[in-house]
Amino acid sequence: SDDFHKQYFISSSLTKQNEEYLVRFSLYEAKRARLLAERSVQSKDIFKLIDELSVMLKGVLKIPKRHIEEVKDLPISDITTNSITALKLYISGLNAKHNQEWEKSIDYFEQSVKEDPTFAIAYFELQERYAYGNQSAKREKAFQSLMKYHERLPERYQFQVKSDYFFLKKDSDKQLKVVKMWSEIYPEDTLAHVTLARLYEYRNQLDEALAAYRRVLELDPKQYDVY
């Protein structure tokens with residue numbers, strides 16, 4: 001967690017008992033690996049369980065009640081999927097990706113979006129795998145579906161997707177507007193600043209690129225590829 005500049009990290013387990021899902025989690029402070037809280041939540045509905053877990057975490061982190069009331073969190077099924085089968089296939093795809101089983105990960109993601117054609121984050125992973133595999137026609141088709149349902153993504157992903165979209169359209173002016181907003185709304189997101197720096201460099205705005213790279217190193221001195 002410290003390497004990713006996060007204040008906290010979670011260790012958790014998921015089991016199923018008597019037709020109910022049970023999540024146990026421990027919340028730690030990243031810097032000292034200090035245990036802050038241990039909780040559990042149980043439900044027959046996995047999506048409801050995740051929503052309850054989110055509310056519980058906010059309480060543990062002592063996020064002000066006013067902020068919780070003002071900021072509306074969509075149900076997890078609205079920004080992922082309401083299909084258990086699609087979710088399982090997506091998770092299997094992530095596991096295959098983590099194990100560098102690229103073809104297997106593509107197969108899982110393809111099955112996931114077939115099960116739920118609105119599953120935006122599965123399209124996100126799928127088009128990325130197509131891009132790394134130089135399957136441009138398949139990537140374009142997956143990206144079209146991703147753009148169609150991009151509002152079902154968490155906000156940070158939406159910025160990344162819009163940035164990629166304008167990059168593919170070769171419209172650096174619109175891409176710059178998106179990435180600048182991304183880096184302003186999420187000032188500690190290193191990916192936003194790396195994207196901004198590389199875009200400035202591409203546009204030959206070298207002073208701005210240098211400033212953005214410096215910001216990346218302030219956030220993450222271990223980003224050796226920007227030295």
Problem - Test: Arg198 and Glu201 ion pair at under 4.0 Å - result: no

Problem - Side chains of Met181 and Lys162 in contact at under 4.5 Å (non-hydrogen atoms) - result: no

Exercise for the section: Assess whether atom CG of Asn99 is packed by more than 12 heavy atoms of other residues, nucleotides or ligands within 6.0 Å. Expected result: yes

Practice task
Check whether any side-chain N or O of Arg129 sits under 3.5 Å from a backbone N or O of Arg139 as a donor-acceptor pair, and report yes or no.
Solution key: no

Problem - Closest heavy-atom pair and its distance - Val179, Ala192 - result: CG1-O, 3.6 Å

Problem - Residues Met56, Phe25; criterion side-chain contact (heavy atoms from CB on, under 4.5 Å); working and verdict - result: CA-CA 11 Å; Met56 187 178 290; Phe25 73 90; 3.8 Å; yes

Handout entry: Residues Asp220, Thr190; criterion side chain to side chain donor-acceptor pair (under 3.5 Å); working and verdict
Key = CA-CA 7 Å; Asp220 184 3; Thr190 55; 5.3 Å; no

Practice task
Would you please test Ile10 and Leu57 for side-chain contact (heavy atoms from CB on, under 4.5 Å) and show each step?
Solution key: CA-CA 10 Å; Ile10 292 174; Leu57 274 172; 3.6 Å; yes

Problem - Separation of Arg24 CZ from Ser11 OG (nearest 0.5 Å) - result: 12.5 Å

Exercise for the section: Decide if atom CZ of Phe167 counts as having more than 12 heavy atoms of other residues, nucleotides or ligands within a radius under 6.0 Å. Expected result: no

Handout entry: Salt-bridge criterion met for Lys180 and Glu208 (N-O under 4.0 Å)
Key = no

Handout entry: Hydrophobic cluster membership, Leu87 vs Leu22, 4.5 Å side-chain cutoff
Key = no

Exercise for the section: Answer yes if Tyr157 and Tyr123 sit in the same cluster of Ile, Leu, Val, Met, Phe, Trp and Tyr residues linked by side chain heavy atoms under 4.5 Å apart, and no otherwise. Expected result: yes

Fill in the blank from the handout: Result for ring pair (Phe, Tyr, Trp, His ring centres under 6.0 Å) between Phe119 and one of Phe124, Tyr90, Tyr149 points to Tyr90

Practice task
To the nearest 0.5 angstrom, please state how far the CG atom of Asp189 sits from the CG atom of Leu219.
Solution key: 9.0 Å

Practice task
Drop me the distance from Leu199's CG to Gln175's CD, to the nearest 0.5 angstrom.
Solution key: 4.5 Å

Exercise for the section: Take Gln160 and Trp182 through the test side-chain contact (heavy atoms from CB on, under 4.5 Å) and record every step on the way to the result. Expected result: CA-CA 8 Å; Gln160 187 175 348; Trp182 178 10; 3.8 Å; yes

Problem - Non-hydrogen atoms of Leu146 and Ala120 that approach each other most closely - result: CD1-O, 3.3 Å

Handout entry: Point-to-point distance, once rounded to the nearest 0.5 Å, from CG of Leu153 to OG1 of Thr80
Key = 10.5 Å

Handout entry: Shortest non-hydrogen separation from Gln127 to Ala142 and the atoms involved
Key = CB-CB, 3.9 Å

Exercise for the section: Take atom CD of Gln42 as the centre, draw a 6.0 Å sphere, and report whether it contains more than 12 heavy atoms from other residues, nucleotides or ligands. Expected result: yes

Practice task
Would you give the length of the straight line joining atom CD1 of Ile46 to atom CG of Asp51, rounded to the nearest 0.5 angstrom?
Solution key: 10.5 Å

Practice task
Following the transitive rule for hydrophobic clusters with a side-chain heavy-atom cut-off under 4.5 Å over Ile, Leu, Val, Met, Phe, Trp and Tyr, establish whether Leu126 and Tyr132 coincide in one cluster.
Solution key: no

Problem - Gap between atom CG of Leu196 and atom NE2 of His193 - 0.5 Å precision - result: 7.5 Å

Problem - Joint cluster assignment, Val41 & Ile84, ILVMFWY side-chain distance < 4.5 Å - result: yes

Problem - Phe159 vs Thr195 side-chain heavy atoms within contact, under 4.5 Å - result: no

Practice task
State, to 0.1 Å, how close Phe166 and Lys174 come at their nearest heavy-atom pair, and which atoms those are.
Solution key: CE2-CD, 3.5 Å

Problem - Exercise: identify the closest heavy-atom pair between Lys44 and Glu19 - result: CG-O, 3.5 Å

Completion exercise
In terms of heavy-atom contacts, Val178 and Ser163 come closest through CG1-N, 4.0 Å

Residues 103-113, side-chain donor-acceptor partners within the protein, below 3.5 Å, at least two apart:
from, atom 1, to, atom 2, distance (Å)
Ser105, OG, Trp102, O, 2.6
Asp107, OD2, Gln111, NE2, 2.9
Glu110, OE2, Tyr130, OH, 2.4
Ser112, OG, Ala86, O, 2.9

Exercise for the section: Please check if the side chain of Asn18 supplies one atom and the backbone of Glu20 the other of a donor-acceptor pair under 3.5 Å. Expected result: no

Practice task
Could you check if a side-chain atom of Glu155 sits within less than 4.5 angstrom of a side-chain atom of Ile185, using non-hydrogen atoms only?
Solution key: yes

Problem - Shared hydrophobic cluster for Leu217 and Leu210 (ILVMFWY, side-chain gaps under 4.5 Å) - result: no

Handout entry: Within 6.0 Å of CD in Glu140, more than 12 heavy atoms from elsewhere
Key = no

Exercise for the section: List for me each residue that meets ring-ring contact (aromatic ring centres under 6.0 Å, His included) alongside Phe47, sequence neighbours excluded, and say none if there are none. Expected result: none

Exercise for the section: Applying side-chain contact (heavy atoms from CB on, under 4.5 Å), run through Ile91 and Asn95 and close with a yes or a no. Expected result: CA-CA 6 Å; Ile91 293 171; Asn95 288 335; 3.9 Å; yes

Problem - Check: Tyr200 and Leu176 side chains under 4.5 Å, non-hydrogen atoms - result: yes

